[in-house]
Protein chains: 2
Amino acid sequence: MKMTMKEIAKLANVSQSTVSRVINGNTGVNEESAKRVLDVIDKVGFIPNKAAQTLKRSHSHIIGVCITETYNPYFIELIDQLESQARKHGYNILLHNSNHNPIQEWESVQNFISRQVDGMIIVPTGDYNVERISKLSTPSVVITQNRKFLDSVGLDHALAGKIVAEKFIHSGHKSFGFIGTEPDDKYFGYRMALNENGMKLKEENYVQLEESSTNNILMRRDIESYLNQVGNIIDFTCAFAANDIMALEFINAAKDRGISVPEDLNIIGFDDTYLAKIMGISSIHQPIEEMVTTTFELLLNRMENEVSSKPVQIKLKPTLIERNSSNLVRVP
Amino acid sequence: MKMTMKEIAKLANVSQSTVSRVINGNTGVNEESAKRVLDVIDKVGFIPNKAAQTLKRSHSHIIGVCITETYNPYFIELIDQLESQARKHGYNILLHNSNHNPIQEWESVQNFISRQVDGMIIVPTGDYNVERISKLSTPSVVITQNRKFLDSVGLDHALAGKIVAEKFIHSGHKSFGFIGTEPDDKYFGYRMALNENGMKLKEENYVQLEESSTNNILMRRDIESYLNQVGNIIDFTCAFAANDIMALEFINAAKDRGISVPEDLNIIGFDDTYLAKIMGISSIHQPIEEMVTTTFELLLNRMENEVSSKPVQIKLKPTLIERNSSNLVRVP
DNA sequence: CTGTTAGCGCTTTCAG
DNA sequence: CTGAAAGCGCTAACAG
């Protein structure tokens with residue numbers, strides 16, 4: 001069942017190298033023999049062994065992709081783009097999930113190396129491994145975030161925060177909230193823009209979720225506990241959520257307490273996943289397709305040119321997609 | 001930067017085969033030399049070339065996975081399980097997405113073969129390729145569906161339909177709806193159970209969505225057009241949706257017309273994705289983890305034993321997870 | 001316990 | 001235009 005070139009060669013009455021030649025582009029092979037080879041290949045359904053090709057050519061046409069989670073639908077759209085654009089360029093995807101675990105991340109990277117991947121695309125678990133990844137001879141690019149040492153294509157999160165802040169201010173809001181895990185650029189950009197406009201983000205209006213709340217039971221529990229803590233009285237009339245799931249969960253929790261969105265509370269999420277689309281939640285859109293396109297440009301460039309120039313940091317621009325949840329009705 | 005065993009051997013003053021021995025389990029190697037080798041490996045960060053190993057051992061420790069879409073969050077949970085369980089067994093995942101396209105599916109399979117995958121796990125696009133896949137020397141198992149010719153682990157969809165039907169009848173409903181693309185086992189099981197209980201599923205209560213509605217804009221459009229067609233009057237008080245997204249979209253569309261769930265309309269979805277969990281939608285739960293576990297059992301078994309026994313069809317049992325959307329309030 | 005040797009299946013000079 | 005031959009990095013007899 002599993003043929004080799006040698007056998008094809010015998011069947012077609014040519015040498016193995018001729019078989020190889022016709023498979024790799026036909027250059028300089030007599031039409032007759034070429035046809036004969038092609039016929040045999042077709043008849044027996046021969047498929048060349050890529051392990052051997054990889055060994056010989058020392059490149060595999062595989063790209064290792066390591067993401068941090070699959071919980072957020074955002075990552076699915078990312079995987080989808082990655083897979084389809086990779087294929088467009090003639091590459092396959094070896095997919096790993098680090099689950100936010102730096103050790104697992106490093107193991108994945110080692111695995112990629114051992115498989116002779118031609119490049120890696122990584123959503124890092126943090127700063128843990130980026131520097132040593134940058135020292136490897138296999139080119140990598142960070143996606144979704146910006147990190148030193150490596151090419152990276154992310155989003156201008158601070159600008160996202162600013163856009164949201166300005167939208168809220170423009171709508172006439174006076175008290176603001178934030179829903180997220182640890183403070184990040186989104187948060188800082190949001191707060192700063194608020195300050196610049198003479199507004200303030202009160203500390204008690206930071207609905208802080210545990211970093212580990214990457215599953216809905218925990219997330220909802222954290223939200224409930226916040227709400228109970230403030231006696232079910234939400235002191236803000238608008239809030240920026242660090243992702244769409246958080247936005248949605250907060251909206252649900254509020255609704256259970258008779259607080260309606262957008263009537264009593266305006267919410268803007270982040271990622272603009274289909275969750276936001278289905279539920280009519282305003283959200284900061286990340287241009288995933290463009291992000292992936294840019295990532296491949298960088299990666300393919302590094303793969304082709306040995307030249308190791310300085311890493312570049314690309315920050316794409318976020319845009320606000322307005323839907324019902326920030327559609328001021330009677331709030332302030 | 002990229003070392004080979006030969007170089008390690010030289011640095012550690014042993015032969016290449018000794019290096020190979022210590023890497024592959026240390027059996028029968030003098031402790032001294034072993035330690036020396038290990039030290040060198042550690043110092044230079046040597047990682048063996050799996051392409052060479054694959055070529056030599058003629059197995060790759062890769063499993064090819066080909067799914068049909070990423071739109072439904074159900075598939076994400078599937079990918080996640082597949083990846084983590086594969087890793088647990090020492091395998092990596094090569095991920096492809098056929099996008100419901102049989103031609104792409106076959107290309108993926110060929111690609112898998114060329115990469116010497118040890119096995120394949122496939123969500124088929126239909127019956128197009130299963131038979132010829134079954135003839136390949138690489139073992140495969142179908143997941144999520146049941147198909148002839150190949151080992152397959154799916155769900156008892158007809159039973160799911162029956163469970164839903166009985167739940168609705170038990171709640172006292174008298175008129176029933178169905179939301180989905182083409183009629184399938186879910187639908188038939190549902191209708192049959194209804195009939196057996198003296199009830200009827202009227203043809204005009206079949207909210208038929210285009211097969212291609214695998215993105216929310218199209219799906220919503222189809223729902224809207226159905227609703228407009230029936231003059232915004234929903235003739236049923238309960239409906240079974242073929243997946244959670246459809247359920248949610250229908251609930252939203254109904255809500256826009258002043259029809260509340262569960263007050264005026266009960267809905268049960270399918271897949272029990274986090275969408276259902278977050279939104280409080282009752283749904284038929286698919287035991288994804290168990291499904292994947294079973295799939296690996298079958299696959300690993302085929303991979304280890306050359307014996308080609310008859311393909312087995314496994315149908316796991318669905319369960320209904322009741323949430324708010326089927327929580328009868330005043331409907332019938 | 002360890003080194004030597006012969007390939008795994010393919011690509012790629014090098015001659016002819 | 002085409003065959004012979006070397007070798008990619010590794011494993012696994014086979015001798016010692």
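A note on names: the letters A, B, ... follow the listed sequences, proteins ahead of strands, and every chain is numbered from 1.
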Can you check the B:M3 CE to D:dC10 C1' distance for me, whole Å? 17 Å
For A:N49 and C:dC8, give me the distance from atom CG to atom C1', rounded to whole Å. 8 Å
Base, backbone or nothing for each nucleotide of nucleotides 11-16 of chain C, written B, S, -, heavy atoms under 4.0 angstrom, 5' to 3'? BBB---
Counting only side-chain heavy atoms from C-beta out, which of D:dG3, D:dC10, C:dT2 sits nearest to A:S15? D:dG3
Please determine if B:E131 and B:K135 form a salt bridge, counting it only when a charged side-chain N lies under 4.0 Å from a carboxylate O. yes
Please list all pairs passing the ring pair (Phe, Tyr, Trp, His ring centres under 6.0 Å) test where one or both residues lie in residues 107-154 of chain B, with sequence neighbours left out. B:H96-B:F112
What pairs of donor and acceptor atoms, side-chain ones from residues 289-296 of chain B against any protein atom, are under 3.5 angstrom apart with sequence neighbours left out?
residue	atom	partner	partner atom	Å
B:T293	OG1	B:Q85	OE1	3.4
B:T293	OG1	B:Q85	NE2	3.2
B:T293	OG1	B:E289	O	2.8
B:T294	OG1	B:E290	O	2.6
B:T295	OG1	B:M291	O	2.7

Write down the distance between CZ (B:R36) and C1' (C:dC1), rounded to a whole number of angstrom. 13 Å
Pairing residues for B:Y74 by the side chain to side chain donor-acceptor pair (under 3.5 Å) criterion, not counting sequence neighbours: B:T144, B:Q286
Whole angstroms only, please: what is the NZ-C1' distance between B:K50 and C:dG9? 20 Å
Rounded to whole Å, please give me the gap between CG in A:L55 and C1' in C:dC8. 9 Å
Side chains of residues 41-56 of chain A: which donor-acceptor partners sit under 3.5 Å, not counting sequence neighbours?
residue	atom	partner	partner atom	Å
A:N49	OD1	A:A51	N	2.7
A:N49	OD1	A:A52	N	3.2
A:T54	OG1	A:K50	O	2.7

What is the distance, rounded to the nearest whole Å, between atom NZ of A:K10 and atom C1' of C:dG9? 14 Å
Looking at B:R87 and B:E83, does any basic side-chain N land under 4.0 Å from a carboxylate oxygen? yes
Applying ring-ring contact (aromatic ring centres under 6.0 Å, His included), name anything that partners A:Y91, two or more places apart in sequence or on another chain. A:H61
Terminal axes of the helix from C:dC1-D:dG16 to C:dG16-D:dC1 (5 end pairs apiece), angle rounded to 10 degrees, sit apart by 40°
For B:S33, which contact category applies under a 4.0 Å heavy-atom criterion: base, sugar-phosphate, or nothing? sugar-phosphate
Taking the nucleotide of DNA chain C with the nearest heavy atom to each, does B:N30 or B:S58 sit closer to the 5' end? B:N30
Tell me the interatomic distance from B:I47, atom CD1, to D:dG9, atom P, rounded to whole angstroms. 15 Å
Any side-chain donor-acceptor pair under 3.5 Å between B:S98 and B:N101? no
Checking B:E105 now: which residues fulfil side chain to side chain donor-acceptor pair (under 3.5 Å) with it, not counting sequence neighbours? B:T125, B:N129
Quick one: side chain to side chain donor-acceptor pair (under 3.5 Å) partners of B:D39, sequence neighbours excluded? B:K35
Interatomic distance where NZ belongs to A:K6 and P belongs to C:dG7 [whole Å]: 9 Å
For a quick test of reading the model: is some side-chain N or O of A:T4 closer than 4.0 Å to OP1 or OP2 of C:dC8? no
Which residues pass the side chain to side chain donor-acceptor pair (under 3.5 Å) test with A:E77, not counting sequence neighbours? none
Taking DNA chain C as the partner, which of residues 107-118 of chain B come within under 4.0 angstrom of it by heavy atom? none
Tell me, which pairs form a salt bridge (charged side-chain N to carboxylate O under 4.0 Å, His left out) where one or both residues lie in residues 110-130 of chain A, sequence neighbours left out? A:D127-A:R147
